[in-house]
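Since the structure comes first, as structure tokens, the remarks are kept for the end.
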Amino acid sequence: MSDEIRKLIQEAAEKARRETSHEPEPQFTGEVRYPVECQVGRGLEGAIVTDTKVGYVNGAKGWLVYRGFDCFDLAEHSTFEETTYLLFEGKLPNRSELQEFSDRLKSSREVPGAVYDHLRRLPITQTHPMSALRTAVSILGNLDPDADDVSVAKEKEVSIQLVAQFATLVAAIARLRRGESILAPRNDLGHAENLLYMMTGNEPDATLARVMDIMLILHADHGMNASTFSTMVVNSSLSDMYGSVVAGIASLKGPLHGGANEKVLYDLEEIGDVSNVQSWFTRARETKRKINGFGHRVYKAYDPRARILGPIAQMITDRNPETRRLYEVANQLEKLVSSELGTEKKIFPNVDFYSGLVYSAMGIETAMFTPIFALARVPGWTARTLEYLADNRIFRPRAVYTGPSSRDYVPIDQR
Ligand code: COA
């Protein structure tokens, strides 16, 4: 089965190379000199906030690279543990480095009981799991007596610990929402496998474990997106890594960012059947509603992650007639959106369009999709924050003031 997954990724990569130019870009070797000249649009479109070696998104080509490695290659060959090492250290680990790093992640998986006590006190079925996750990470920060040590060494230690603990927290929240007892992490399982085990109580088969691993790899980093920037902005005041990551979680929750994956599934359920896609799409266009899971600030070509996730969703939904029906709806919706908006507005599926179907086929509750995105994104958030921290300057942009000036203050009884 893992040969089947490998083949799907190779085909997706081939398609991407055929349809978009994958010629390597001329390497930038100079020194970045500030101020960098660029045009800035609303929402900081086009603004350059820093230089980085962590990762690169080429939106025109549909190209995603972590530390110089193409996401198609990483999805085919790597693991989440190895990709995380790569993002932090800037190179692929050798065998013993990977072993040591994986062991370190395993030994950091446990979460203090006090965090669970707080989670149990939340109205867990009424609160969004991203809000619960945000609270849990904040509590972790309160329990660390050295949280205010903001040296790069300490912040890196916290980052690695958070990569490991996020999976435990997300699984605990999923189980508490279902009224089930929390399962302790199992150190004989890899990160993705253990996540699925802790969430469902069942050891996943090799296909599910590998698919989850690929999901985590493909979500690990993605340029200067809103949640990454939020994490970096908070950290740039030399606030601690826990609080910075809390900001990342809060930002990722929004439906214009990570929250889109769950919205897609609600839309697919609302459409319900392939025969309803056309009328649903027409209504969405008439009401100028944005179609969840489509469009991107940076990609004006097909999102390479969606290229991989589409075929994986097709493969994995085969296991479950209910999600298979939703896959057919999604596939039809993609055809319609691409034919009407693809050429005109360069609107294509993004990573969130097919990811929910994959999680759903794994038996994961819709509200847990964004928390899984979050646990996968911790390496990207923290690797970029650590890189910036090493040569920190507080973020402090300005706004153009367009309000009135020189108004006379009128006492309250004369207004
Ligand atoms: N459905 C329909 N039209 C869309 C669209 C979508 N999902 N996304 C963008 N467009 C249209 C806009 O209406 C706009 O049209 P106009 O030029 O006629 O005004 C044009 O494409 C440019 O979009 P804009 O809203 O300026 O893009 P943005 O960079 O501000 O926003 C997103 C990017 C991702 C927030 C936006 O595409 C979106 O809301 N997508 C749905 C939510 C989603 O999937 N988010 C996850 C992103 S990974």
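Order of appearance sets the numbers: ligands from 1, and atoms from 1 within every ligand.
Under the 3.5 Å distance criterion, with hydrogens and angles disregarded, no donor-acceptor pair is assigned to the side chains of Glu365 and Tyr359. A donor-acceptor contact under 3.5 angstrom links the side chains of Asp103 and Gln99, judged on distance only. Checking Asp51 against Tyr34 by side-chain atom types alone, a donor-acceptor pair falls below 3.5 Å.
Crowding of Asn94 atom CG: a count of heavy atoms from other residues, nucleotides or ligands under 6.0 Å exceeding 12.
Annotation: ligand 1 has protein neighbours Pro255, Leu256, His257, Ala260, Lys290, Ile291, Asn292, Gly293, Phe294, Gly295, His296, Arg297, Leu341, Lys345, Ile347, Asn350, Asp352, each with a heavy atom less than 4.0 angstrom from the ligand.
His222 pairs in a ring pair (Phe, Tyr, Trp, His ring centres under 6.0 Å) with only one of the listed residues (Trp63, Tyr299, Phe229), which is Tyr299.
Judged by distance alone, the side chain of Thr287 and the main-chain N or O of Arg283 form a donor-acceptor pair under 3.5 Å.
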